[in-house]
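Report on the following structure.
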Number of protein chains: 2
Amino acid sequence: MNGTLADQLQNSLSTYNPIRNGGGVRDEGHYMNGASVSSHNGSMDSKFPPSYKRMAQRRKVPEGELCAVCSDLATGYHYGVASCNGCKTFFRRTIVSEQTFICQYNGNCDVNKNIRCACRHCRFNKCLIVGMDAKAIQNDRDRIGPTKKAKMSSGSDDEQAVTPHRLQDQEIVDQLTQIENLCAELRRRIIPDVTGVTQALTSNCMLYETTDLDLDGNTQFKELYPASMNDIRMWNIREMRICIEWGKTFEIYQRISLFDQFALVRNFAFAFNLLNRVFYSPDHGPDKIVFQNGAFIMRQPQQQVQLSGCRPIYTRQMDEIMIPFRRLQLSIAEFATFKAALFFNPDALDLSAQAKPEVYEERNKYLCALFTCITSKLGMAAGVQKYGSLLMMTASIQNILAQNEENMQVMELFKNWEVDPFVKELCMKPMIR
Amino acid sequence: MNGTLADQLQNSLSTYNPIRNGGGVRDEGHYMNGASVSSHNGSMDSKFPPSYKRMAQRRKVPEGELCAVCSDLATGYHYGVASCNGCKTFFRRTIVSEQTFICQYNGNCDVNKNIRCACRHCRFNKCLIVGMDAKAIQNDRDRIGPTKKAKMSSGSDDEQAVTPHRLQDQEIVDQLTQIENLCAELRRRIIPDVTGVTQALTSNCMLYETTDLDLDGNTQFKELYPASMNDIRMWNIREMRICIEWGKTFEIYQRISLFDQFALVRNFAFAFNLLNRVFYSPDHGPDKIVFQNGAFIMRQPQQQVQLSGCRPIYTRQMDEIMIPFRRLQLSIAEFATFKAALFFNPDALDLSAQAKPEVYEERNKYLCALFTCITSKLGMAAGVQKYGSLLMMTASIQNILAQNEENMQVMELFKNWEVDPFVKELCMKPMIR
DNA sequence: ACGACGAGGTCAAAGGTCTC
DNA sequence: GGAGACCTTTGACCTCGTCG
């Protein structure tokens with residue numbers, strides 16, 4: 001799930017379950033698939049020949065062994081872990097019934113014999129952390145002893161229905177996170193030119209073949225230096241292009257009309273740009289937005305970026321977006337899901353009436369996924385606040401966008417800086433309203 | 001709980017409750033065989049001495065067994081004693097809440113089915129005497145969530161319970177709802193003039209003495225008619241005044257500096273105005289915002305409210321606020337709490353750095369209350385969406401406010417309509433930025 | 001064959017929820 | 001605000017299939 005969890009996993013495995021370590025893993029043909037979470041299984045497998053494992057597998061749970069989850073007396077090894085009857089049954093029930101729990105507190109409740117029922121989220125979490133293996137759950141009890149044959153026939157395992165789709169939200173978040181990483185990759189590459197937004201929208205998505213593109217030297221970090229207008233222009237265009245590629249990864253986005261695609265992306269592109277800029281800005285204090293290549297924007301107006309009527313926008317980006325983001329300690333997964341929820345805005349200007357309900361539902365999907373993602377780490381109490389605070393940031397974002405648009409109008413009007421045609425096509429609403 | 005009781009307890013335990021103690025061997029037979037249960041069991045209980053009963057400890061309470069406390073029909077063995085549902089729950093509640101009762105008579109009241117509620121002291125005493133075991137009371141478990149409601153509403157997935165601070169949240173919501181009603185009352189009254197915002201902020205809150213004020217005939221509904229500029233102006237000023245009175249009802253608001261009070265109210269007053277306008281607009285279709293006195297604004301630009309550059313604002317108010325509000329079916333309580341969360345905006349322009357954290361916490365308070373309020377009605381799945389959709393409306397609100405401010409600047413610039421001095425002081429940021 | 005182990009199943013009795 | 005009917009969850013104990 002996240003780094004901390006993985007660390008805990010490593011620790012807890014050796015702490016809670018040393019017997020299994022020494023005694024070897026269960027019969028490999030049974031339920032252990034190499035895909036298991038724990039890496040220590042892998043090392044075991046490589047150390048001992050199968051025969052050892054079989055012999056050791058029969059080993060009784062030592063007298064007085066405690067449940068790795070709740071420290072009650074263990075009744076045996078269940079789902080790969082020394083555990084008590086209660087935790088064993090609890091784990092199976094949770095998996096089978098596809099339940100999802102949310103911690104009412106902060107997601108780090110104690111789990112022990114006396115209070116193990118107090119928080120089901122944290123109890124289940126602990127089950128996973130100590131290594132209980134959901135794949136050991138047999139969903140079909142009526143199987144007819146095919147064990148021997150199955151082992152003989154092939155080493156390849158057909159694992160159908162291995163993952164119950166109870167973690168639908170988690171899957172959504174995971175996928176968005178993956179796409180987010182692809183975007184990061186594309187951000188380093190030379191993005192081929194297009195004639196305009198329409199061509200960008202209708203061409204194949206570049207995110208799945210980023211490695212075909214050459215690295216762009218301009219995006220590589222060399223040193224910190226004050227951003228020039230060219231830097232700002234380059235990053236603006238770059239993010240806008242990435243935004244379109246990102247949008248095209250959504251299945252629903254491909255289904256709606258080009259007109260609606262345009263409406264959504266025009267509504268969101270600059271927010272995408274802005275959000276990525278501040279979220280991925282390395283932390284050099286609250287007064288600097290730093291681009292990937294080292295160019296930075298300071299709070300104090302610089303020579304390089306002074307334009308009439310366009311000054312206060314960066315201060316606001318720092319105060320109302322960058323600093324709150326840092327305070328909220330958003331993970332990349334949360335950030336990615338948040339952007340998806342923003343993108344599918346049913347109130348986007350010019351969005352057709354037919355598309356609205358569909359977009360609304362899509363947004364709901366990401367809102368729920370975001371909520372699940374946040375509360376699974378923080379629990380209910382803090383999660384509701386974080387989710388709420390994050391969503392209320394939309395106000396600031398919108399505000400800054402409005403101001404930015406105004407600035408662009410001013411620029412256009414006074415011609416003191418020519419806006420890139422692609423950016424103009426993507427971001428600026430026509431003057432006539 | 002006292003000496004005598006302890007003695008009695010000892011006795012009663014050996015008399016009434018030999019079964020539960022000791023880990024006797026289980027019944028040989030197949031206990032799940034429903035057909036044999038009652039007859040087998042019944043005969044056992046009557047035939048065999050107590051020590052044998054322990055073998056049957058897992059069996060159902062015999063047919064017709066009576067509650068050892070009140071002689072009602074027993075529903076099973078609870079806390080070691082055959083007892084009815086009432087006495088079981090009564091015993092747990094008493095232990096958990098650590099209540100102490102005092103007998104009004106002589107401490108030897110009869111306890112039976114009909115009068116078991118007459119004396120809680122004697123009922124609890126009886127519970128102990130017959131051997132109910134306080135050690136069998138467990139720690140608090142995780143919340144389960146709605147039971148009956150879940151079936152009734154949309155058959156969505158797992159409904160998890162809401163925060164443990166439920167009651168506290170409910171209180172917050174209730175209080176806000178009350179204030180909301182007071183505002184509605186004030187809205188109908190003649191509000192005394194003030195010299196300016198500062199005077200309004202520093203005077204006593206009028207909401208608690210609305211009945212001292214005379215009714216304002218201009219606010220009473222007579223008939224529907226197109227709003228004049230005077231109507232709009234009147235309602236603007238009125239809502240701004242109410243906003244200040246409303247703000248003063250918050251304890252924290254009274255504590256912060258006048259400067260910060262000004263910052264918060266300036267940031268929010270027009271939103272307050274706008275939100276109340278559309279929320280309380282009687283539903284005359286999606287194309288009309290109707291004031292309380294019958295004046296209405298149409299989507300199509302009217303003669304009366306045509307101002308250069310100021311047209312599209314009402315369309316947006318309808319499309320992005322009024323219609324979504326109706327779609328979300330906000331209750332007054334939810335609406336009131338939402339406004340409180342908006343009001344305490346830590347990113348409000350000009351808010352002092354000291355006040356920010358406090359305001360942030362205050363907002364969190366209302367966010368949690370809002371979430372509780374919504375999910376307690378809709379359950380988790382739908383609640384998360386509604387909460388999320390509502391909070392994302394802040395973007396539209398902010399957008400419209402920005403546009404409104406722009407309009408006001410235009411008005412001010414072209415002097416085609418004089419903005420009321422009070423409104424100007426409250427809403428307009430200085431031109432210099 | 002047989003006993004140990006750990007899958008899943010069972011159900012009384014815990015606790016929680018909801019309507020008076 | 002408490003009582004108690006009703007609902008959900010828990011876990012000790014059970015059976016069964018599979019190994020050594």
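Only a predicted model underlies this, so the values are computations on that prediction, with no experimental measurement involved. In what follows, every chain begins at residue 1, and chains take the letters A, B, ... in the order their sequences are listed.
Rounded to a whole Å, the CZ atom of A:R123 is 13 Å from the P atom of D:dT9. Put simply, CG on A:L73 is 13 Å from C1' on D:dA12, counting in whole angstrom units. The distance from atom CZ of B:F101 to atom P of D:dG2 is 8 Å, rounded to the nearest whole Å. What separates NE2 of A:H78 from P of C:dG9 is a distance of 15 Å, to the nearest Å. One atom, NZ of A:K135, and another, C1' of C:dG6, lie 18 Å apart when rounded to the nearest Å. Here C:dG15 presents its C1' atom at 11 Å from CZ of A:R120, a figure rounded to the nearest Å. A straight line from CE of A:M132 to C1' of C:dA7 spans 13 Å, rounded to a whole angstrom. With rounding to whole Å, B:N114 atom CG is found 15 Å from D:dG4 atom C1'.
A:H121 pairs by the side-chain contact (heavy atoms from CB on, under 4.5 Å) definition with A:F101, A:C103, A:C119, A:N125, A:S376, not counting sequence neighbours. Judged as a salt bridge (Lys or Arg N to Asp or Glu O under 4.0 Å), and not counting sequence neighbours, the contacts of B:E334 are B:K377, B:K386. Residues passing the salt bridge (Lys or Arg N to Asp or Glu O under 4.0 Å) test with A:R123: none are found, sequence neighbours excluded. Applying the side-chain contact (heavy atoms from CB on, under 4.5 Å) rule to B:A82 yields the partners B:V61, B:E65, B:A74, B:Y77; only residues at least two apart in sequence or on another chain are considered. Looking at residues two or more places apart in sequence or on another chain, you find no side chain to side chain donor-acceptor pair (under 3.5 Å) involving B:R120.
In the set D:dG11, D:dG2, C:dG16, C:dG16 carries the atom at the smallest distance from any side-chain atom of B:R143. Relative to the side chain of B:D140, the nucleotides C:dA14, C:dG16, C:dA7 differ in distance, and C:dG16 lies closest.
Taking the side chain as every heavy atom from C-beta outward, A:Y387 and B:V384 approach each other to under 4.5 Å.
The side chain of A:Q99 places an N or O atom within less than 4.0 Å of a non-bridging phosphate oxygen (OP1 or OP2) of D:dT9. Look at A:R116 and you won't find any side-chain N or O under 4.0 angstrom from OP1 or OP2 of D:dT10. OP1 or OP2 of C:dG8 sits under 4.0 Å from a side-chain N or O of A:Y79. Checking the phosphate oxygens (OP1, OP2) of C:dT17, no side-chain nitrogen or oxygen of B:R141 falls inside 4.0 Å.
Base engagement by A:R93 is indicated by at least one non-hydrogen atom pair under 4.0 Å involving a base atom.
The side-chain hydrogen bond (donor to acceptor under 3.5 Å, both in side chains) contacts involving residues 93-105 of chain B comprise B:S97-B:Q99, where partners must be two or more places apart or lie in separate chains. For residues 105-117 of chain A, the pairs satisfying salt bridge (charged side-chain N to carboxylate O under 4.0 Å, His left out) are A:D72-A:K113, A:D72-A:R116, with sequence neighbours left out.
Note: A:F124 and A:F91 have parallel aromatic rings, judged against thresholds of 30 and 60 degrees for the angle between ring planes.
Rounded to 10°, the helix from C:dC2-D:dG20 to C:dC20-D:dG2 has 0° between the axis fitted to its first five pairs and the one fitted to its last five.
Scanning residues 83-92 of chain B for heavy-atom distances under 4.0 Å to DNA chain C yields B:K88, B:R92.
Mapping B:D72 and B:Q138 onto DNA chain D by nearest heavy atom places B:D72 closer to the 5' end of the strand.
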> Are B:D174 and B:Q170 close enough, and set up right, to give a side chain to side chain donor-acceptor pair (under 3.5 Å), and what steps lead you there?
Replying inline: CA-CA 6 Å; B:D174 286 345; B:Q170 190 58 50; 3.1 Å; yes
